[in-house]
Amino acid sequence: MVLTAITRDRWRSNFSEWFDWVIEEAEVYDYGRYPVKGMGVWMPYGFQIRRRVLELIRELHDRRGHEEVLFPLLIPETLLRKESEHIRGFEDEVYWVTHGGLEPLDVKLALRPTSETNITYYESLWIKSYKQLPKKYYQIVSVFRYETKATRAMIRLREVTTFKEAHTIHDSFEDSERQVLEAIEIYRELFDNLGIPYVISRRPEWDKFAGALYTIAFDTVMPDGRVLQIGTAHNLGQNFTRAFDFKIQLQDGSLDYPWQTSYGVSDRVIATIIAVHGDDRGLVLPPHIAPIQVVVIPIPVGSEEEKRLVLEEARSISRVLEERGFRVRVDEREELRPGAKYYYWEARGVPVRVDVGLEEVKTGVLTVVRRDTLDRYKVAGEELPSFIAKLFNDITVNIKRRAWDYLLSSIRRVTSMDEAREWAGEKRGILEMPWCSREECARRVEEELEVKTLGVVWPFEEARGLACPICGRPAVTWVRYAKTY
RNA sequence: GGGGCCGUAGUCUAGCCUGGCUAGGAUGCGGGGCUUGGGCCCCCGUGAUCCCGGGUUCAAAUCCCGGCGGCCCCA
């Protein structure tokens, strides 16, 4: 009866294949069949997961005074080219609309790769005074990037269908700095809420957002040991407002360019929920975002009368749980046997299962199984709602701790290149080394270990008394490297 | 940026090298029977412009060229 230990062998050793399998098996996202590279379809079950994540994102922004807006998808070339660093960073991956019907357009139209330019244009029309600031806008939209590298479902797309981009504007540099901190707090809260572990790094100069003063990034470690960027926050300084010649009146009556920040998260948040919590049987969803939180499986055995009793009991349990606010489904399908249903709902990550057979009907004691560990419990019927509520909490805590344990065990802090080379032999996770902060040294490490620089540990951490393992100069801080997606 | 592998029912796959028969199987789906405490079994049925376009040939899923798409490795 108990062949219910969870395994994560495929999850760990064959992550790409596992990921493609799970999003299809759980009917989250149909990828690879659409006749345009890098584009996929959110299926009903996946859409519901996505919707709950978006609700959370909206709540976190709204609570802190952000206002949701919706800007046009098409950005004329003239706007996109206003800020020179910005266009240089995006130029080779922009999709262009060049025709209206058969007519070639005078001004090409970009499918937005991001919206700094058209939003700044409107801000310059709307905002005239420091009294209107700070202003915090956000939108959740599709963005397009003509990726030339291999695309992957939900992780590297040409149409990013779920891009939450926030754009803020301030009357001083200090206030924009405070805003970057708020952005970091929002993302901490978002990822903590979803049980997603992360490290925060300040990206190196050569890898910051095109047009920004600097970029703070959230990264996580995938089961295969490669690192995925899951959120970024940029201080844009006055770069865009200068480019748009956008000035406001300050308290002392003078005119100056306002300061901006922008920060974003994408489909990758959902991909990460799937990746960090899943196992060889499929999804493991945090209860608060699971479309179905409890599935009741009737086990119809015996006489017709006994089958009827079992089904009625299953329905009655479902009603009670629904009244308590749980999202419940009774799987009454007659063509599937209970075992097949277990696999079905486990693949979809339903947090809790309740089995109802003749035994349960007779004794009033129910069999409850939690998805994250597959542990079984015997629970008296009247205690079921409170038991499940507590179980949700346990599951949330357990999967978060498990994910954090994995991330923390993937970080290796070293002080010499010998140790770094040893780490590179395994190529799993994140390497942290003292750094003199010169690009030259980081580039040497990138080249020798075949990694990318994630950036310096944020918040800033002194590397007291240590030397840069490359040049031997005194180290200023700690820097992170990893193989990335 | 460079290299390699691959594309056959919804899905997975055999056949391709060595061109020729009704493109075979599994799974799924529809119907029927039997069953139901961890992916039951049996019968019948259904489903493929063999990715697209061009070429070679009496004949192309198979060989050649181009495109589109997917996966992997290296920089």
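Here is the naming used below: chain letters follow the sequence lines, and residue numbers restart at 1 for every chain. Hydrogens, waters and symmetry mates play no part in the numbers below; they use all other heavy atoms, side chains included. Keep in mind that this is a model prediction, so the values were computed, not measured.
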request  = Please work out which of the three classes, parallel, tilted or perpendicular, describes the rings of A/Tyr198 and A/Phe191, given edges at 30° and 60°.
outcome  = tilted

When you compare the protein's N or O atoms with those of nucleotides 39-47 of chain B, which come within less than 3.5 Å of each other, and at what distance?
from, atom 1, to, atom 2, distance (Å)
B/rC40, O4', A/Arg337, NH1, 3.1
B/rC40, N1, A/Arg337, NH1, 2.6
B/rC40, O2, A/Arg337, NH1, 3.4

inquiry  = Parallel, tilted or perpendicular: which one describes the rings of A/Trp18 and A/Trp21, with boundaries at 30° and 60°?
reply    = tilted

task = Would you check if the distance from the ring center of A/Tyr187 to the ring center of A/Trp458 is below 6.0 Å?
result = no

query = More than 12 non-hydrogen atoms from neighbouring residues, nucleotides or ligands closer than 6.0 Å to CZ on A/Arg402, yes or no?
reply = yes

Per A/Val369 side chain, nearest of listed nucleotides B/rG38, B/rU36, B/rG37 = B/rG38

ask   = Would the number of heavy atoms belonging to other residues, nucleotides or ligands and lying under 6.0 Å from CZ of A/Arg412 be above 12?
value = yes

query = Between A/Phe90 and A/Tyr146, does the ring centroid distance fall short of 6.0 Å?
reply = no

query = Heavy atoms under 4.0 Å, any strand shown: does A/Tyr31 hit a base, just sugar-phosphate, or nothing?
reply = sugar-phosphate

ask   = Could you give the CZ-to-P distance, from A/Arg226 to B/rC73, as a whole number of Å?
value = 7 Å

query = Out of B/rG38, B/rU36, B/rA75, which has the shortest distance to the side chain of A/Pro300?
reply = B/rU36

request  = Could you check which of B/rG38, B/rU11, B/rG69 has an atom nearest any side-chain atom of A/Arg33?
outcome  = B/rU11

ask   = Can you name the one residue among A/Ser262, A/Ser266, A/Ser115 that meets side chain to side chain donor-acceptor pair (under 3.5 Å) with A/Glu165?
value = A/Ser115

ask   = On a whole-Å scale, what distance lies between the P atoms belonging to B/rC17 and B/rC74?
value = 32 Å

request  = Under 3.5 Å for both distances, Watson-Crick or G-U wobble, that's the pair rule; now give the dot-bracket for RNA chain B, with | marking pairs to another strand and [ ] for crossing ones.
outcome  = (((((((..((((......[...))))((((((.......))))))....(((((..]....)))))))))))).

inquiry  = For the P atoms, the ones on B/rA61 and on B/rC50, what distance do you get once it is rounded to whole angstrom?
reply    = 7 Å

ask   = Rounded to whole angstrom units, what separation is found between the CG atom of A/Asn14 and the C1' atom of B/rC71?
value = 12 Å

ask   = Of the candidate nucleotides B/rA75, B/rG37, B/rC72, which contains the atom at the shortest distance from the side chain of A/Arg152?
value = B/rC72

note = With the side chain defined as heavy atoms from C-beta on, A/Lys37 is closest, among B/rU11, B/rG69, B/rC72, to B/rG69

inquiry  = Measuring only the P atom in each nucleotide, how far is B/rG20 from B/rU11? A whole number of Å is fine.
reply    = 26 Å

